[in-house]
There are 2 protein chains.
Amino acid sequence: MTISEENYIKVIYHLSLVSPKGVNTNAIAGMLDTKASSVTDMMKKLSDKDLVSYQKYQGVTLTEKGLHSAKMIVRKHRLWEVFLVDKLGFSWDEVHEIAEELEHIKSEQLINKLDAFLGYPAADPHGDPIPDAKGVIKKIEKQLLSEVEINASFHCVGVKDSSTDFLKYLDKQKIALGSVVKVIDKEDFDDTLTVEIDGKRLTISNKIANNLYVQ
Amino acid sequence: MTISEENYIKVIYHLSLVSPKGVNTNAIAGMLDTKASSVTDMMKKLSDKDLVSYQKYQGVTLTEKGLHSAKMIVRKHRLWEVFLVDKLGFSWDEVHEIAEELEHIKSEQLINKLDAFLGYPAADPHGDPIPDAKGVIKKIEKQLLSEVEINASFHCVGVKDSSTDFLKYLDKQKIALGSVVKVIDKEDFDDTLTVEIDGKRLTISNKIANNLYVQ
DNA sequence: TTTTATTTTTAGTTTTGTCTAAATTTAATT
DNA sequence: AATTAAATTTAGACAAAACTAAAAATAAAA
Ligand SMILES: [Mn+2]
Ligand SMILES: [Mn+2]
Ligand SMILES: [Mn+2]
Ligand SMILES: [Mn+2]
């Protein structure tokens, strides 16, 4: 499998979680910053290799084989992110790009040894679960902060949007995974929240609350 | 710079250490397991990018810029090898292939943080020196075991040949970097050595002694 | 110094992954 | 149901990196 093929498979995997019936050509092109015609070409190749099932105009889904490959790439991506943050001291907004390259290093032994070295982490620095060596993903129980009842206490377990901008906003507000959050009040008009994070009171827009997972 | 370009630059660097006047097309082809005609094509491209100076039929040398790039690739290769051995527990004969891929990950910050994490090692698992962030290589004093006087004590500091076969032979004989070696006797006929390694007596062919560096 | 052998380069293809522009299919609107 | 719009695919082209076969240059041998 080439790096390009792996990038396609991974994108199809992520899009499948949202649209399991089939992923559109255009959606894939958008994620990979390429053109729809290039996607069509690649779908034929991946279909020949039995990694996706594809009928033209109908979108694609991953085959068993493709799904497993995708999970292994995601596993590598997330384990490398843990390494970069926990061992090398990168901050959580700096690691995605580098992991995007590291995820393509081809050695099962490497990734399993890395997993052990890191202490078999369950989640990456953004709270996303790490598939085990067999591809099994332990689902992490979580709710969006925007959908949680008032006056209960939670702690942050992940982010939905892991863009640099959002992560840096969270850093600025001293919100990190593990922070304790209590929703004090919700504004009816625009769903703005008043919250207490690690004891400190804060006002948070719905857009923020909608991208923060708590448990 | 593409992965392929980087592999060429690195090979030219290694060959330059032996033939500094200019590296042949065929030698490069041999190292990269490709054809001479492919090398010629690539030399034109690298020359256009001012990484090598090339006149046809006359061989190539690295430019200032090419030399620096080469050292950075070697730096990455060797640091990753240290990581694989020291942190992940790979043995020294397993790491070359994986480092061959890892050396192409493009992030200066990554490699400098890795360097710090590893404690700024001076040499890789095979005793080869690691260029610093500026490309400076501290030369390691060393002699081949085959060229050392009799009855003096040394310790192993590196291997010339780092093929799996040779490294596994050394493992079998319990010879590692750091081992204390004393040459007891040298056979006139074929230069076979009788040595004491960490106190244990051993007979060693000239081919072996010719690939083991001591200090 | 010719002749022969070796090395290196050129010319012409191939494969992978991309692109643009045009054609086709499906979806959405009148 | 017919028309328009949007999404998708085809056709044809290109750049990167490789190959084979043939030509040219250099080195070695007679
Ligand atoms: Mn990637
Ligand atoms: Mn992540
Ligand atoms: Mn390499
Ligand atoms: Mn090495």
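So you know, we letter chains A, B, ... as the sequences are listed, proteins then strands, and number each from 1.
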Side-chain N or O of [X] versus OP1/OP2 of [N]: is the shortest distance under 4.0 Å?
X: B/Tyr8; N: D/dA18; result: yes
X: B/Lys56; N: C/dT10; result: yes
X: A/Thr25; N: D/dA7; result: no
X: B/Tyr54; N: C/dT9; result: yes
X: B/Lys35; N: D/dA18; result: no
X: A/Lys45; N: C/dT15; result: no
X: A/Lys44; N: D/dT10; result: yes
X: B/Asn26; N: C/dT8; result: yes

Task: Salt-bridge present (B/Glu6, B/Lys106; N to O < 4.0 Å) - done: yes

Which listed nucleotide ([options]) is nearest to the side chain of [X]?
X: B/Thr40; options: C/dT7, C/dT9, D/dT8; answer: C/dT9
X: A/Thr2; options: C/dT16, C/dC19, D/dT8; answer: C/dT16
X: A/Tyr57; options: D/dT20, C/dT9, C/dT26; answer: C/dT26

Rounding to an integer number of Å, can you tell me how far [X] [atom1] sits from [N] [atom2]?
X: A/Asp33; N: C/dC19; atom1: CG; atom2: C1'; value: 13 Å
X: A/Gln55; N: C/dT26; atom1: CD; atom2: P; value: 11 Å
X: A/Asp48; N: C/dT15; atom1: CG; atom2: C1'; value: 14 Å
X: B/Asn24; N: C/dT8; atom1: CG; atom2: C1'; value: 10 Å
X: A/Leu46; N: D/dT9; atom1: CG; atom2: C1'; value: 16 Å

Open item on the list: Strictly distance-based, threshold 3.5 Å: is any side-chain N or O of A/Asn24 a donor or acceptor partner for the main-chain N or O of A/Asn26?
Closed with: no

Open item on the list: Taking atom types as they are modelled, would you say the side chain of B/Ser37 forms a donor-acceptor pair with the base of D/dT20 within the 3.5 Å cutoff?
Closed with: yes

Open item on the list: Regarding B/Asp41, tell me which of base, sugar-phosphate or nothing describes its non-hydrogen contacts under 4.0 Å with the strands shown.
Closed with: base

- [ ] Kindly confirm or rule out a cation-pi arrangement of A/Lys45 over A/Tyr8, judged by NZ or CZ under 6.0 Å from the six-membered ring centre and within 45° of its axis?
- [x] no

- [ ] Using the side chain to side chain contact (heavy atoms under 4.5 Å, CB included) rule, take B/Met42 and B/Thr34 through it: C-alpha gap first, then chi angles, then the decisive distance, then the call.
- [x] CA-CA 11 Å; B/Met42 184 57 93; B/Thr34 184; over 6 Å; no

- [ ] Search all heavy atoms of B/Thr63 against all heavy atoms of B/Ser53 and return the closest pair with its distance.
- [x] CG2-N, 3.8 Å

